[in-house]
Amino acid sequence: MISERLVMLVREKGWASLNELQLKSIGIVKRGDNVLITAPTGSGKTEAALLPVLDEMLRTSPEPVSLLYITPMRALINDVFNRIKWWADKLGLTIARKHGEVSQREKNMRNKVKPQILVLTPESLKIDLDWAPRFRENYRSVRWIIIDEVHEIAGNKRGAQLSLLLERLRKLFSIDPQIIALSATIGSPEEVLELISGSSSRRRTVLTYNGTRKSSILVEYLDTSRFTGDEYWAKVAWKVLGEIEPVTIVFVQSRYAAERLFKELSSLGLEEIAVHHSSVSGEIKEDIEDKMRKGYVKAVITTRTLELGIDIGYIKKVVVVGSPATALSLAQKVGRSGHREGEESRGVVIATSVAELLESVAAAENMLEGIIEPQKLIPCPLDIIAREALGMALSGVEVTPEILASLARDSKVCRDFDEEQARRLLDFLSSRKLMKRGDKGYRLSSGFFKIWSFGRDKKWWSRDFSEFFTVISEREVFQVRHGENTIGELDSQFVYRYLRVGDTVRLAGRSWRVIDIDDNSKKISVAPAPRETSEIPVWRGLAQSVSNEVLIGVINVLRRGVSKENILLSEEARSIIEKAREEWMRINGDEAESKVWVHEKGDSQVIITFMGQRINEALGLLLLSALSRVTTSISLKVTPYAVMVKPKIDLGEVFGRFSCFNELKRELLRVVDRHPLYVSVLNELRYSLGAIGDKSDEEKEFVKSEASRQLLHQYMDIDGLWVMINSLRKGEIELRKLESEPPSFITEELSSTLELKPWYRDLSGALQKLLKGWAFTVEEISEALLLPARTIEHKLKEMRKPGSKARVTKFIDTETGEARWCLMDDLPGLASDGDFRESFTPLDNKQPFQLKIKADSDDAYMEFVFTPSLSVISEIINKVPFDEIYELQVQPLVNGIYRNLSPRYYFVKKSIAPYLVLNGVAYLQKIKGLE
DNA sequence: GACCTGCTGCGGGTTG
């Protein structure tokens, strides 16, 4: 099947023969189909794709560049480059590699010695298509494209980007290169193949190869519920220590956990172990990988970094600490072990809670059954399409709506993208000055280089030009500071979702009270706080969410017990599962039909749905919107099993409000921009669409609706929620009250989940808009904006200070005695003829009062005596030698019992001071009258 | 103290 020359080389490599996968793939690849080969790591995939292509290349000695080998990771490029180079050198083929860390010198060589084979990242391909006019011409002769580790990008925005790039390549040179994609076991191979095939006219073939390798999974339970801090880690370390058989990979869920466990294992006397995660330098990582190949280490503690890509030699065993959450992630981790033909992959999962235990068993069952989660791509991500439009313009093309629409459609990134939508996108980019109309279409405009800047005339919001080519956004963190000292960093998603001013958070081994959160500078100021029970533990609540497939598996385990034979359970794990099953059966009995249970306790309500994270997230958003009409203090927790909400709400009534899907969707869209994750989604879009700079406050409807759409798609399942509501309405699912306690693992899971809190992006802008022309109490504002009162009050106090963009002030509503806030500039209007006139009108203007004023908190008061009329007061105030008053106080001249009630006003501009003095007098006279 | 992935081209000039 392949030429003699290659066969000789296979022998020279020392291989007895090609393996089953390689033999199978040669025939299929030679047919010229677009192929997706799914096979476990270490089964010789690279050669399976490469050999038939090399064979063809030998026959035709094609022009440079004829083979593109694309992989999503730099480390993998270096690895693959060296492997292919061995063949290329022997066969007299030219080869080059390209990624961000390849030296300029090596990159420059490409134009001198043209490579027939080019190994590169999707981002480097984009650079060539957008920005390398000279080298780009070589792509004309591309005949094969191998895409390695395609499962790493098919489900995310990099996948959409690559799909668009491949389509651009086809259209640019009217070519139809053969696509050969390589992937680990995935859930939706056909769709992935379709996405990268785009408009190619070649036949599609999926080649699935499971090999002879079997897996066995041991699930263990470690009860950590009574332990915290050092004790917790000591317990985990002991457990892990007992599992290590060289070489073992131990997967944990955070870099911190990796370092902490390493320390603990070392102190237990374990030597020859290492830590591997993204913050470890590349050099050290390579050294560790080398030691693994040589068997010089006993164990490596790692995050996901060792799940990806390169060859790490023979691994005896894999240990996973915590819930694997998806069968895909478990399969990829366990697949790292037992690379010898015919040998088992051995995985041990250590669950640290009952829910984790159930999820681990379910994930293991799914994995062994081959139930792997499908890749879920956001359909039609406008930000990614915009980047391709800009990229084409950067390459000198005038982009027309026709070109853009057919590119998006043919690439399958956006199947129903029409010219009208394309025109709207291009018009929006033009309105943001990234593009402008040319003779035939849209060209690049100077605004593009203001965002993606070369360093000259850089604005504070500018990004480096090179960042234009990647869709991976920088990990955003808030810096936590106590005075001048930096305490640590917190992930922005964590902050948006769970942290508010006034909360107590645990960080760097102590408790801190949050004093201020500045969204612009991404800084949080804190002060030491006494230990409280209500503090927020940073490490909880943000783990990867449990997939629906695993959730269904959990329900099966609860109904039927553990069914697979190759899942081993420790005695303890088995009895814990039995206990959980008993509790489950106690409330559900043997009845097959689904129910939604509602359990009330005190002022809170637990809704047990078992419908998964995404439906429950949507339900949470719906409850947030419903409750916001009733109250201002809402507490909400979301898990895949249940939603907890405070205060209680009549669910039947809430669900009854919607008679069709569109009504439900409209309601959710109304409140979605207050969802804490909205900010992160929006931030990701803003740069691609140019929605930044001065006008960022008034987000254009265009950007807002795209951000809402992506948020709903990514984190919530509103179709699923509608199915649930509709089934409840039709009586197919029962809404039943649960009188007894819910199963304890559900309560346990809820208690370790953090409260979700609404977030307002640009809160001062929202307050400014709301307050315009009127005056509200904090309670009223908090209700209107769905935010806790203390957050509002904090912001308003900040906004009254000089220098604030929209200054506010507060006065007393004499009718109710409540404080009302308004825009400082609105005060004269409200005082003279608004509904609040009474609050600024003294009942008696003969009675003398005393006025006390100071410019700063340390200053002494200036004191004046006056009788209340606007002109008299203004005259007095004008004697004050400063424009900004720090504190202003009005007192009755005669001592009385209400002397202590003298109203005080802070941060007052001199021009509005007379009105506040009148307000103080009116208030004092009112309560005097009440005496 | 969630995790992971990526990131100018081209040609002319100077220096050893």
Side-chain angles (χ1 to χ4, degrees), chain A residues 70-77 98-102 104 107-112 120-136 149 151-159 161-162 229 232-233 251-261 276-280 282 285 302-309 321-326 329 332-333 391 394-395 449 452-455 463-475 477-478 480 487-495 497-498 505-510 512 536-545 754:
Chain A
I70 300 174
T71 110
M73 273 108 44
R74 295 186 297 232
L76 198 56
I77 287 182
K98 188 186 183 219
H99 60 67
E101 277 178 2
V102 168
Q104 199 53 54
K107 281 185 206 162
N108 289 344
M109 278 299 287
R110 293 196 311 168
N111 274 321
K112 301 203 176 78
L120 77 180
T121 56
E123 287 77 10
S124 288
L125 173 61
K126 180 166 172 64
I127 292 168
D128 283 350
L129 292 191
D130 291 354
W131 184 241
R134 187 164 159 192
F135 190 79
R136 180 165 56 227
E149 305 275 333
H151 59 276
E152 277 301 321
I153 57 168
N156 57 46
K157 286 184 173 178
R158 281 180 92 189
Q161 184 186 41
L162 177 60
Y232 171 86
W233 289 108
F251 285 103
V252 293
Q253 308 208 358
S254 71
R255 287 171 288 187
Y256 174 79
E259 297 287 351
R260 191 69 183 72
L261 191 56
H276 192 282
H277 55 66
S278 67
S279 303
V280 173
K285 272 191 280 195
T302 181
T303 57
R304 271 195 64 213
T305 41
L306 275 183
E307 196 177 302
L308 311 168
V321 181
S323 171
T326 68
S329 131
Q332 256 155 44
K333 288 179 174 119
L394 183 60
S395 77
F449 294 103
W452 313 103
S453 154
F454 284 96
R463 292 196 172 177
D464 194 84
F465 175 70
S466 62
E467 286 181 65
F468 170 67
F469 304 101
T470 174
V471 294
I472 300 169
S473 40
E474 290 292 323
R475 201 169 71 98
V477 291
F478 278 81
V480 182
I487 311 297
E489 285 178 342
L490 290 174
D491 197 276
S492 70
Q493 289 216 7
F494 175 86
V495 175
R497 220 169 144 90
Y498 302 115
V505 68
R506 190 150 182 86
L507 193 67
R510 316 194 31 168
W512 305 94
I536 297 175
V538 166
W539 65 92
R540 279 201 177 140
L542 267 179
Q544 194 196 352
S545 67
L754 298 180

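Chain identifiers are assigned alphabetically (A, B, ...) following the order of the sequence lines, protein sequences preceding nucleic acid strands; residue numbering begins at 1 within each chain. From a predicted model like this one, the values you see are computed outputs, not experimental measurements.
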Detail all sub-3.5 Å separations between protein N/O atoms and N/O atoms belonging to nucleotides 13-16 of chain B.
none

Response to the item:
When every non-hydrogen atom of A:S329 is compared with those of A:P324, the smallest separation belongs to OG-O, 3.3 Å
Worksheet item: Below 4.0 angstrom from OP1 or OP2 of B:dC7, is there any side-chain N or O of A:T121?
Response: yes
Worksheet item: Are A:H276 and A:T305 close enough that a side-chain donor and a side-chain acceptor fall under 3.5 Å?
Response: yes
Close N/O contacts between protein and nucleotides 9-12 of chain B (under 3.5 Å):
from: B:dG9; atom 1: OP1; to: A:K98; atom 2: NZ; distance (Å): 3.0
from: B:dG9; atom 1: O4'; to: A:W131; atom 2: O; distance (Å): 3.3
from: B:dC10; atom 1: OP1; to: A:R134; atom 2: N; distance (Å): 2.9
from: B:dC10; atom 1: OP1; to: A:F135; atom 2: N; distance (Å): 2.9
from: B:dC10; atom 1: OP2; to: A:N111; atom 2: ND2; distance (Å): 3.0
from: B:dG11; atom 1: OP1; to: A:R134; atom 2: NH1; distance (Å): 3.1
from: B:dG11; atom 1: OP2; to: A:R134; atom 2: NH1; distance (Å): 2.6

Practice prompt. Could you check whether the rings of A:W233 and A:Y256 sit parallel, tilted or perpendicular, using 30° and 60° as the cut-offs?
Written response: perpendicular
Worksheet item: When you check the gap from the basic side-chain N to the acidic O, do A:E152 and A:R304 get nearer than 4.0 Å?
Response: yes
Worksheet item: Please give, in whole Å, the distance from B:dC7 P to A:F454 CZ?
Response: 17 Å
Discussion item. For a quick check of understanding: with a heavy-atom distance under 4.0 Å over all strands, which category does A:E474 fall into, base, sugar-phosphate or nothing?
Written reply: base
Worksheet, complete the sentence: For A:N111, the side-chain hydrogen bond (donor to acceptor under 3.5 Å, both in side chains) test, sequence neighbours excluded, returns none
Practice prompt. For A:H277, check side-chain hydrogen bond (donor to acceptor under 3.5 Å, both in side chains) against everything at least two apart and list the hits.
Written response: A:E259
Worksheet item: Any side-chain heavy-atom pair from A:F468 and A:K126 closer than 4.5 angstrom?
Response: yes
Protein and nucleotides 3-5 of chain B: nitrogen or oxygen contacts under 3.5 angstrom:
from: B:dC3; atom 1: OP1; to: A:R255; atom 2: N; distance (Å): 2.9
from: B:dC3; atom 1: OP1; to: A:R255; atom 2: NE; distance (Å): 2.9
from: B:dC3; atom 1: OP2; to: A:R255; atom 2: NH2; distance (Å): 3.0
from: B:dC3; atom 1: O3'; to: A:T303; atom 2: OG1; distance (Å): 3.3
from: B:dC4; atom 1: OP1; to: A:S278; atom 2: N; distance (Å): 2.7
from: B:dC4; atom 1: OP1; to: A:S278; atom 2: OG; distance (Å): 3.0
from: B:dC4; atom 1: OP1; to: A:T303; atom 2: OG1; distance (Å): 2.9
from: B:dC4; atom 1: OP2; to: A:S278; atom 2: OG; distance (Å): 2.7
from: B:dT5; atom 1: O3'; to: A:P72; atom 2: O; distance (Å): 3.4

Discussion item. Is there a side-chain contact (heavy atoms from CB on, under 4.5 Å) between A:D130 and A:F469? Walk through the geometry before answering.
Written reply: CA-CA 9 Å; A:D130 291 354; A:F469 304 101; 3.8 Å; yes
Worksheet item: Residues two or more places apart in sequence or in another chain: which of them pass side chain to side chain contact (heavy atoms under 4.5 Å, CB included) with A:E474?
Response: A:E467
Practice prompt. Return the value, rounded to whole Å, for the distance between atom NZ of A:K126 and atom P of B:dT8.
Written response: 13 Å
Worksheet item: Is there side-chain contact between A:H99 and A:E123, with heavy atoms separated by less than 4.5 Å?
Response: no
Response to the item:
When rounded to whole Å, the CD to P distance for the pair A:E101 and B:dC7 reads 8 Å
